[in-house]
Amino acid sequence: MTERAIEWVHDGGRDGRGVLRILDQTVLPLTTTYLDLDTVDGLVEAIDALAVRGAPALGVAGALGVVVALDEGERSGWDAARLDREIDRVRHARPTAVNLAWGVDQVRGLLPQGREAVLRAGLEVAAADEAANRELSRLAADWLLARTGRDRLRVLTHCNAGLLATSGWGTALGVVRELHERGAVEFVYADETRPLLQGARLTAWELAAEGIPHAVQVDGAAASTILRGLVDCAVVGADRIAANGDVANKIGTLGVALACHEAGIPLLVAAPWSTVDLAMADGSGIEIEERSGAEVTTWAGIRTTPEATPGFNPAFDVTPARFVAAVVTERGVVEPSAGHTLAEDPSVPA
Ligand SMILES: CSC[C@H]1O[C@H](OP(=O)(O)O)[C@H](O)[C@@H]1O
């Protein structure tokens with residue numbers, strides 16, 4: 001699979017100075033459409049609509065979004081104060097994934113050094129993310145095979161944490177790719193992940209493209225799939241990992257974690273270190289994005305509830321550290337359910 005969720009196209013854009021190109025994930029898997037974003041409005045709208053999504057990809061969107069704002073500001077004659085406000089609009093486009101703000105903050109301080117320094121830093125964020133995802137995938141695959149004692153794994157996934165959610169390779173799905181390359185994937189049960197169906201639309205698209213055996217299941221099937229012994233582990237991504245190992249991830253992850261705990265199988269969280277928020281002592285302070293209820297009460301414009309029925313739509317939940325067997329980043333493996341925290345030496349070897 002060659003598609004990238006997000007990349008800087010150097011010869012694109014109105015003035016040939018380059019443009020931020022994303023693969024529009026709102027229309028996958030039926031349509032492959034790329035959007036060239038050269039305004040802050042366009043980028044913020046794409047982030048809000050989940051045309052670009054996934055914590056690591058949002059980190060890249062934040063970093064390269066500073067270049068988008070700088071270029072638009074030069075075209076539009078913004079002063080420094082306006083530019084700062086527009087960059088903040090990108091930074092605050094979605095609250096839960098720490099990566100978006102982190103990506104902006106990696107780059108905005110370089111503005112006094114000029115556009116090339118800013119662009120170079122943004123490109124480095126993208127390259128570092130893909131490298132981190134490949135390393136964490138290797139560490140996670142090693143950990144899972146050792147922990148389960150099996151040489152082929154049946155895996156449950158939730159949402160999409162693949163190359164579509166990153167600048168390349170993927171995190172949770174990167175682990176599945178790594179296992180598949182080793183001939184160590186027996187089967188993948190992919191939760192459809194309502195209401196926006198990231199699992200059914202995006203994870204299935206990635207797994208099918210790689211020829212990885214899988215099936216999509218309704219989210220409500222996850223607990224019984226786990227407790228019936230049909231899977232050996234669950235592997236998920238993350239949007240923000242607190243210092244103590246509490247994990248914010250797509251709504252429904254907590255239910256998967258509870259079932260894994262009851263079944264005695266590991267829940268592994270795969271994420272680059274840019275998803276770790278050591279300033280957040282535990283998950284109680286993580287802001288959970290509340291999205292439009294219409295995402296719950298309609299699908300493809302068709303209402304599925306009575307007109308008067310509102311939708312309740314928290315986009316994420318927080319899984320307590322005691323239910324997280326491993327958090328795997330490119331720096332190593334931490335085992336929160338065994339009492340370890342991310343605040344310890346993050347280079348602890350797997
Ligand atoms: C590696 S992606 C991390 C995370 O982001 C997704 O959320 P969204 O689709 O709303 O951006 C989901 O929680 C993934 O697990």
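Start at 1 and go down the list; that is how both ligands and their atoms are numbered.
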Looking at side-chain heavy atoms only, is the closest gap between [X] and [Y] below 4.5 Å?
X	Y	result
Thr171	Thr166	yes
Arg17	Arg115	yes
Glu178	Arg134	no
Thr39	Val44	no

Using distance alone, decide if ligand 1 has a nitrogen or oxygen within less than 3.5 Å of any nitrogen or oxygen in [X].
X	value
Gly54	yes
Gln198	yes
Asn160	no
Thr166	no

At less than 4.0 angstrom from any non-hydrogen atom of [X], what atoms of ligand 1 do you find?
X	answer
Leu50	9 (O), 10 (O)
Arg94	8 (P), 10 (O), 11 (O)
Ala165	1 (C), 2 (S)

I need the nearest protein heavy-atom contact for [atom]: residue, atom name and distance, please.
atom	result
atom 4 (C) of ligand 1	Asp239 OD1, 3.2 Å
atom 14 (C) of ligand 1	Asn249 OD1, 3.5 Å
atom 1 (C) of ligand 1	Thr171 OG1, 3.2 Å
atom 3 (C) of ligand 1	Ala238 O, 3.2 Å
atom 12 (C) of ligand 1	Cys159 SG, 3.4 Å

Between Asn244 and Thr341, do the side chains contain a donor N or O and an acceptor N or O under 3.5 Å apart? no
Could you tell me if Thr193 and Asp191 have a donor-acceptor pair between their side chains, going purely by distance under 3.5 Å? no
Please report the closest heavy-atom contact between Ser167 and Asp129, naming both atoms and the distance. N-OD2, 2.9 Å
Heavy-atom closest pair (Thr96 atom, Arg240 atom, distance to 0.1 Å) is O-NE, 3.0 Å
Of Gln25, Lys250, Arg53, Glu289, the one whose closest heavy atom lies nearest atom 10 (O) of ligand 1 is Lys250
Answer yes if Val216 and Val188 sit in the same cluster of Ile, Leu, Val, Met, Phe, Trp and Tyr residues linked by side chain heavy atoms under 4.5 Å apart, and no otherwise. no
